[in-house]
Amino acid sequence: MGFLVGYVLGFAFGVSMIVGFARHQHTRSKRRTDLAAAVASFARMTVLDSRKLLPDKLCPSWVVFSERQKLNWLNSHLDKLWPYIDEAASLVIKSSVEPVLEQYKSAILVSLEFSKLTLGTVAPQFTGVSIIDGESDEVIMELELQWDGNPKIVLDIKTRVGISLPIQVKNIGFTGVFRIIFKPLVDELPCFGALCYSLREKKKLDFKLKVVGGDLSSIPGISDALEETIRDAVEDSITWPVRKIIPIVPGDYSYLELKQVGILEVKLIEAKDLTNKDIIGKSDPFVELFIRPLRDRLKTSKTIDNQMNPIWNEHFEFSVEDVSTQNLTIRVHDHEGIQASELIGCARLPLRELEAGKVKDVWLKLVKDLEVQRDQKNRGQVHLEILYYPLNASSELYNPFNSDSGMTMMEKVFKHASDTVGSLASASELKKEVIIRGVLSVTVISAENLPATDLTGKSDPFVMLKLKKSEQKEKTRVVNDTLNPVWNQTFEFVVEDGLHELLILEVYDHDIFGKDKIGRCIMTLTRAILEGEFTERFPLDGTESGRLNVHVKWAPQTITRD
Ligand SMILES: *[C@@H]1O[C@H](CO)[C@@H](O)[C@H](O)[C@H]1NC(C)=O
Ligand SMILES: *[C@@H]1O[C@H](CO)[C@@H](O)[C@H](O)[C@H]1NC(C)=O
Ligand SMILES: *[C@@H]1O[C@H](CO)[C@@H](O)[C@H](O)[C@H]1NC(C)=O
Ligand SMILES: *[C@@H]1O[C@H](CO)[C@@H](O)[C@H](O)[C@H]1NC(C)=O
C-alpha cells in the first residue's frame with residue numbers, strides 16, 4: 001500500500017542518502033553551488049563521482065553511470081536494508097498508519113487496527129529516477145517504485161452493527177512515482193535542511209481482502225467500506241500535494257508545509273435519473289463531497305427520501321491547497337439505515353478547469369469507479385454550481401481603484417466585505433451573513449417540442465414556478481392542444497436571500513382529473529444576480545428535446561449585513 005511504501009521509503013531513503021552524502025562530503029568543497037550538485041548526485045553522477053561515492057565492488061572501473069546503474073545502486077542498497085527496515089518498520093508503521101486509517105475510515109467501521117504487520121521478504125524495486133527543475137534552493141527528485149510484496153497484514157475491524165473480525169490484506173501490487181524534495185540547501189552536512197516526500201502519481205494499487213477463516217461476502221458492504229477506506233488513505237494521506245516533511249538539520253520548516261491557497265464554494269443543486277438501488281420503493285440518496293477525503297473535511301448532504309431526482313439546494317465550502325492537481329470528488333449514496341450505504345455513482349472535477357472568480361454551472365455524469373470505466377451503465381447526473389477564488393485575489397480581482405460601476409453584484413458583495421475586513425477569507429465568512437434582497441422577474445415565454453400526453457397527440461401545458469427556499473409559488477395559464485405553447489407571462493417574486501434561493505420551473509399537462517408532469521428545469525439565482533438579466537432556452541429534464549424559453553431579470557434592493 002502506498003503509505004506503507006511511503007513510510008518505508010522515507011526511512012530507507014533518509015538512511016541511504018545520509019550514508020551517500022557523508023561519503024561524498026569528504027571529497028568536496030563546501031561551496032553552496034557544489035552542494036546543490038552534490039544533492040543531485042544520483043542523477044548527475046559521473047564515473048569519477050561514483051568512484052568516490054561507491055564501494056569498489058559496486059562500481060567496477062568500466063562503468064558508465066547510466067540510469068540503469070543508478071537504479072541498481074539504489075536497489076542494492078534497499079535490498080540490503082530491507083530486513084532491518086522490516087524489523088524497525090513494523091512498529092513504526094503500526095503506530096503511524098493506524099491513526100491515518102482512522103482519519104479516512106468509512107462510517108460503518110467503528111475501529112480498525114493492525115494485529116499483525118510484517119513487510120515480507122520482497123523489497124520494493126526502484127524502476128525510474130529523474131531530477132526535476134525546481135527553485136534555486138531546492139532539488140527535486142522523482143523515483144518510480146514498484147512493489148509486488150508478500151507482506152503479512154491483518155487488520156482487526158469492528159463494525160457499527162457489532163461484527164468484529166480479522167481481515168487479511170493480501171497480494172499487494174503497487175507502482176507509483178515518489179517525489180522527494182531536498183530543501184533548503186544548506187552549507188552544513190548533509191547539504192539539505194529537510195526532506196519532503198510525496199506520492200506524485202499512483203500508477204497501480206491492487207490488493208485483496210480476505211476474512212481470516214471466513215468469507216467476506218457473507219457480510220455485505222464491509223469489503224467495499226474497507227477497500228474505500230484504504231484507497232482514500234493512500235490517495236490522500238501521502239499523495240501530492242500532501243507531503244511528509246522530515247527535518248534533517250534542526251530548524252523551522254513550517255513554510256514547506258501544505259498551505260491553503262483558496263476557497264471552493266459548491267452549491268449542490270440536484271441530481272437526475274439516479275439508478276435505483278432499492279428493491280422496494282426508490283433510493284434515499286445523499287451526497288458526500290470532498291477535496292480531501294479526511295473525515296473532518298468531508299461534507300455530507302441531507303438524505304432525500306424515496307427520490308430518483310432529488311433537489312438538495314445545499315451550500316458547501318472547501319479549502320484548496322493546490323489548484324493544479326486537486327479535484328472535487330462527489331459520491332452519491334443510497335442511505336440504508338444502520339447498514340453500509342450503497343454507492344450509486346461518483347464523479348470528479350479537476351479544479352484546474354475552473355476560472356478564478358467565475359461561477360461555473362456543471363452537470364457531472366456519475367460513474368461506478370473513477371479509475372477504471374468498469375461499465376457504461378447510466379447512473380444519473382449531478383448538478384452543481386461552483387466558484388473558486390484564490391485567497392490573495394482581493395487586491396487584484398477586486399481592485400479598489402476600479403470604479404464600482406463596472407462590478408457585478410457578487411463582486412460588490414465581495415468588495416464590500418473585503419473592504420471592511422481586508423481579506424477574502426473573512427470576506428467569505430461575512431458573505432454568509434450578506435443577504436441579497438431583490439425582485440426576481442421571471443417571464444415564461446414559451447416551450448418547444450413538448451412530448452404528447454393526450455390521446456389526441458397534443459398536450460394542454462402550463463408552467464408552475466416555485467422558489468425552493470421561500471416556498472413561493474405561481475403558475476401560468478393553460479394553453480390548450482399544443483406541443484409548442486406560448487404563454488408570455490411575467491411573474492415577480494420578492495427574494496430575501498438570493499444567494500441561497502433556487503428557482504424551479506415545472507411544465508405540467510392540465511387534465512380534468514389533475515395534472516401530469518412533463519418536465520422541469522432548475523436554476524440558482526446566481527446568474528441573474530451577476531448578469532442582471534438574460535434570456536435562455538433551458539432543456540427540460542424529463543423530456544427528450546423539450547425546451548423552455550425564459551427571460552429572467554434581477555432588480556437588487558439593498559445589500560445589508562446582519
Ligand atoms: C485528480 O484527478 C486526476 C485525474 O483527473 C488524477 O490524475 C489526480 O491524481 C487527482 N489528484 C489528486 C490530488 O488526487
Ligand atoms: C497570488 O496570486 C497570484 C496570481 O494572481 C499568484 O501568482 C501568486 O503566487 C499568489 N501568491 C500567493 C502568496 O499565493
Ligand atoms: C381549454 O379547454 C378547456 C376544456 O378542455 C376549456 O374549458 C377552456 O376554456 C379552454 N381554454 C382556452 C383558452 O381555450
Ligand atoms: C410577449 O409580450 C410582449 C409584450 O408584453 C411582446 O412584445 C412580445 O412580442 C411577446 N412575445 C411573444 C413570443 O408573444
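Counting convention: from 1, in listed order, for ligands and their atoms alike.
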Exercise. Heavy atom under 4.0 Å from ligand 1: found in Asn327's side chain, backbone, both, or neither?
Worked result: side chain

Seminar exercise, completed: Going by the 4.0 angstrom heavy-atom rule, the piece of Arg348 near ligand 1 is side chain

Exercise. Hey, does Thr325 sit under 4.0 Å from ligand 1 if you only count heavy atoms?
Worked result: yes

For this session: Report the nearest protein non-hydrogen atom to atom 12 (C) of ligand 3: residue, atom name, distance rounded to 0.1 Å.
Result: Asn480 ND2, 3.3 Å

Exercise. Parallel, tilted or perpendicular: which describes the rings of His333 and Phe286, with under 30° parallel and over 60° perpendicular?
Worked result: parallel

Exercise. Would you say the side-chain atoms of Asn484 and Thr482 include a donor-acceptor pair closer than 3.5 Å?
Worked result: no

For this session: Using only heavy-atom distances, determine whether the side chains of Gln489 and Thr443 contain a donor-acceptor pair under 3.5 Å.
Result: no

Exercise. Minimum heavy-atom separation for Tyr253 to Pro184, with atom names?
Worked result: CE2-CD, 3.6 Å

Exercise. Which atom names give the shortest non-hydrogen contact between Pro293 and Tyr104, and what distance separates them?
Worked result: O-CD2, 3.4 Å

Please check if a non-hydrogen protein atom sits closer than 4.0 Å to [atom].
atom: atom 14 (O) of ligand 3; value: yes
atom: atom 7 (O) of ligand 3; value: no
atom: atom 4 (C) of ligand 3; value: no

For this session: Count the heavy atoms belonging to other residues, nucleotides or ligands that lie under 6.0 Å from NZ of Lys553, then report whether that count exceeds 12.
Result: no

Exercise. Just wondering, are more than 12 heavy atoms of other shown residues or ligands nearer than 6.0 Å to NZ in Lys204?
Worked result: yes

For this session: State the atoms of ligand 1, each with its element, that fall below the 4.0 Å cut-off from a heavy-atom position in Trp240.
Result: 13 (C)

Problem set entry | N or O contact, Arg352 vs ligand 1, cut-off under 3.5 Å | no

